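Below is one structure, written out as structure tokens; comments come after it.
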There are 2 protein chains.
Amino acid sequence: MQLTDPERSTELLWRAGARRGLSLERIVRAAVELADAEDLAAVSMRSLAERLGFTTMALYRHVRGKAELVALMRDEVMGGWDSAADPSAAGGWRAELEAWARRGLALHQRHPWLAESEDARHVPGPNAVAVFERALGAVADTGLPPAQVVAAVNLLGGFVDSAARQSAAALRARRRTGVSDEEWWRGRDSLFARLDRYPTLSRLYREGAYEAPPDPFDFGLQRVLDGIDTLIRDEKRDENVCRVCGAPVSAATSGRPRDYCSRACQQRAYRARKGGGGSGGGPRP
Amino acid sequence: MQLTDPERSTELLWRAGARRGLSLERIVRAAVELADAEDLAAVSMRSLAERLGFTTMALYRHVRGKAELVALMRDEVMGGWDSAADPSAAGGWRAELEAWARRGLALHQRHPWLAESEDARHVPGPNAVAVFERALGAVADTGLPPAQVVAAVNLLGGFVDSAARQSAAALRARRRTGVSDEEWWRGRDSLFARLDRYPTLSRLYREGAYEAPPDPFDFGLQRVLDGIDTLIRDEKRDENVCRVCGAPVSAATSGRPRDYCSRACQQRAYRARKGGGGSGGGPRP
DNA sequence: GAACCCCTGTCTACGGTGTACACATTGGGT
DNA sequence: ACCCAATGTGTACACCGTAGACAGGGGTTC
């Protein structure tokens, strides 16, 4: 179960109008429907083929394997991330980024299998890149060095993923067992009985830490945004930070303060100004 | 592949000295070794049994199924989270929490399959709870309301997980294909060629955003800690926040400012002072 | 018109997974 | 000495992803 040929993936994901093709479209759409209705585990090549009225192996004429199918499913669905987005996008970076994250969570809730389907080295499809681009746009003009803009967006994306994964796992468990989260934990008395030897935990528990818990997504989102906020503020306050990579810059002993941490970063900025591209690792949305 | 009987899981995970039992210990240890050396996918009941010199079904005399085995593996390994921790633990909540997170990442790097093995409604074992307890202890005395202490620790734990998952996925891909991340991305020219229509992304790329990227874990860790930090500061500054759940409290029109957002939370605090327990959802480490 | 070929779909088969169930063995308590 | 429960074994089932050989059919070329 691996994508052996990234070149092919790139072509598939990025092919032009042909996306409204004959049958691949139908396969991917059916797979998404099936995964939405049941589970990612319910999407087997056999069940999917049966649902479409074909033989199992017929799918392999359009898709190289299961991994590729999942990649196509992912990008198909990624188109819905920004679907409900306000294109005007006013309100400053924080409001924009918050809305972006909330739309991401909503998408994950519409397609709970998304979080499960993560795997490294997916070729990002056009929809995924569009999502990434939009988030970058929100933070691009905050004065943060480019590398930190990307890092901040990646951090927030990772947070959304992580939160979505937890809520998806809870949903999956609820579907399977028919028991809600609260019910299940309430039944764990034999576990709680053993938690006395953990003083802090039981003290917090006694003080009601678990009675009116804040929504984990809202809570985490505000913390992460706060973290990015202080980064931006710090950036604005003192400028002795490299304009390219954001590393601290040793204060110049005399004369004008330095803009770059090293000769290498200075060179990078120069090349960027000249409009040439660079080399090195690519984007990882 | 599910834990049908949480009661049994609780007993297994929490049984006393019996942990140095006969064969279950050996099974779990061998499974961990196998997963460390290869992959979680390499731990099949057949391969594991063969490695131990028994039949496949022999394992089922000691373990109810694969899901239970994985749960036991998880808790076995969780014992190593705080193994290299300084018990004195000075340095304030931030240093403590940062060290905690770094130990977590290190653990995940020693056992890259940990991130894969996540599933909801694991009965937390004693080791997992100890890890949780330690993190709670770091933030417990910051003046944060109990619910927020728990939420903060959960947030940081989720972050560690998320970061570990990404690095584990990258490692897995490298192992499988023998190609490093940088190499792989460098070969994706046909992808980069299509990124021109995304102005922000390509501008940031030209400006060197991908040439000297900060370590994603370090970056994210500082942001999250900053976020928690501002929460603590805000908490200290103005006290018009509920002492139990942290929700904002409407300012009293006259007299002494309110401590609780509602009669319910006031009651909870009273019960906590009296030493009684509460009801409701349990801890989710 | 005939021959060709490629594209698509089908069929069979292989090696892998988790695990249910019936049977053999064995060791300890009565 | 007996019995029983615990432990290990063997076989079998229902899945999974997919490799490989084969059949039909439509468009292109002679």
Side-chain angles (χ1 to χ4, degrees), chain A residues 1-5 8-9 11-12 15 18 20-28 30-31 34-35 38-74 113 116-117 119 122 172-173 176-177, chain B residues 1-5 8-9 11-12 15 18 20-28 30-31 34-35 38-74 113 116-117 119 122 172-173 176-177:
Chain A
M1 177 133 156
Q2 54 177 325
L3 283 125
T4 45
D5 188 355
R8 190 184 129 86
S9 284
E11 292 308 320
L12 264 185
R15 87 206 114 103
R20 336 217 111 271
L22 302 80
S23 209
L24 201 161
E25 171 88 338
R26 277 182 60 199
I27 293 178
V28 174
L34 188 51
E38 313 251 343
D39 205 349
L40 192 58
V43 181
S44 74
M45 300 304 265
R46 281 169 171 72
S47 64
L48 180 58
E50 194 178 9
R51 190 185 172 88
L52 284 163
F54 288 94
T55 347
T56 307
M57 295 309 291
L59 303 182
Y60 285 86
R61 294 291 169 197
H62 304 265
V63 171
R64 202 179 270 282
K66 176 124 184 211
E68 189 177 274
L69 174 63
V70 174
L72 289 167
M73 290 170 66
R74 283 183 64 79
W113 48 271
E116 266 180 291
S117 73
D119 203 6
H122 271 156
R172 215 159 46 235
R176 263 201 325 233
T177 64
Chain B
M1 177 135 153
Q2 54 176 327
L3 283 123
T4 44
D5 189 354
R8 188 183 131 88
S9 283
E11 291 309 322
L12 264 185
R15 86 206 115 103
R20 337 217 108 272
L22 302 81
S23 210
L24 201 162
E25 171 87 340
R26 277 182 61 200
I27 292 177
V28 175
L34 189 51
E38 313 252 344
D39 205 349
L40 192 58
V43 181
S44 75
M45 300 304 265
R46 282 168 170 72
S47 64
L48 180 58
E50 194 178 9
R51 191 184 172 90
L52 284 163
F54 289 94
T55 352
T56 307
M57 295 311 292
L59 304 182
Y60 286 86
R61 294 292 168 196
H62 304 265
V63 171
R64 200 178 273 283
K66 175 124 185 213
E68 189 176 273
L69 174 62
V70 174
L72 290 167
M73 289 170 66
R74 282 183 65 78
W113 48 271
E116 267 180 289
S117 73
D119 205 5
H122 271 156
R172 215 160 47 233
R176 264 203 325 237
T177 64

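By convention in this document, chain letters (A, B, ...) are assigned in the order of the sequence lines, proteins followed by strands, and residues within each chain are numbered from 1. Note that these values count all heavy atoms, side chains included, but never hydrogens, waters or copies made by symmetry. Quick caveat: nothing in here was measured; it's all calculated off a predicted structure.
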(message) On DNA chain C, does the nearest nucleotide to A:R46 precede the nearest nucleotide to A:L59 from the 5' side, or the other way round? Give the residue.
(response) A:L59
(message) With side chain to side chain donor-acceptor pair (under 3.5 Å) as the rule and sequence neighbours excluded, what pairs involving residues 45-57 of chain A come up?
(response) A:S44-A:S47
(request) Check whether any side-chain heavy atom of A:L72 sits under 4.5 Å from a side-chain heavy atom of A:I27, and report yes or no. (result) no
(message) At less than 4.0 Å, is any side-chain N or O atom of B:T55 found next to OP1 or OP2 of D:dG8? Yes or no.
(response) no
(message) Quick check: on DNA chain C, is the nucleotide nearest B:G65 upstream (toward 5') of the one nearest B:R61, or the reverse? Name the residue that is more 5'.
(response) B:G65
(message) If I take atom NZ in residue B:K66 and atom C1' in nucleotide D:dC16, what distance separates them, rounded to the nearest angstrom?
(response) 13 Å
(request) Can you tell me the distance, in whole Å, between the CE atom of B:M45 and the C1' atom of C:dG18? (result) 8 Å
(message) If I take atom CD from residue A:E68 and atom OH from residue A:Y60, how far apart are they, to the nearest 0.5 angstrom?
(response) 11.0 Å
(request) Mind checking A:Y60 for me? I need base, sugar-phosphate or nothing, with any heavy atom below 4.0 Å counting as a touch. (result) base
(request) Quick one: pull up CZ in B:R61 and CZ in B:F54 and give me the separation to the nearest 0.5 Å. (result) 13.5 Å
(message) Given D:dC16, C:dG18, D:dG8, identify the nucleotide with an atom nearest to the side chain of A:S44.
(response) D:dC16
(message) How many whole angstroms separate atom CD1 of B:I27 from atom C1' of D:dG8?
(response) 11 Å
(message) Minimum heavy-atom separation for A:L40 and A:M73, please, with both atom names.
(response) CD1-CE, 4.2 Å
(message) Between P on D:dA6 and CG on B:L24, what's the gap in Å once rounded to a whole number?
(response) 16 Å
(request) Send over the distance from B:M57 CE to C:dA22 C1', rounded to a whole Å. (result) 11 Å
(message) What is the distance, to the nearest angstrom, from the CD atom on A:E38 to the P atom on D:dC16?
(response) 12 Å
(request) Would you kindly give the CG-to-P distance between A:L48 and D:dC15, to the nearest whole Å? (result) 17 Å
(message) If the cut-off is 4.0 Å, is A:H62 near the phosphate of C:dG9, judged by side-chain N/O to OP1 or OP2?
(response) yes
(message) I'd like to check A:R176 versus A:D39 (side-chain heavy atoms, cut-off strictly below 4.5 Å). Are they in contact?
(response) no
(message) Could you tell me if the side chain of A:L69 sits less than 4.5 Å from the side chain of A:L48, heavy atoms only?
(response) yes
(message) Using five base pairs at each end to define the local axes, how bent is the helix from C:dG1-D:dC30 to C:dT30-D:dA1, to the nearest 10°?
(response) 10°
(request) May I have the distance from A:E50 (atom CD) to D:dC15 (atom P), rounded to whole angstrom? (result) 10 Å
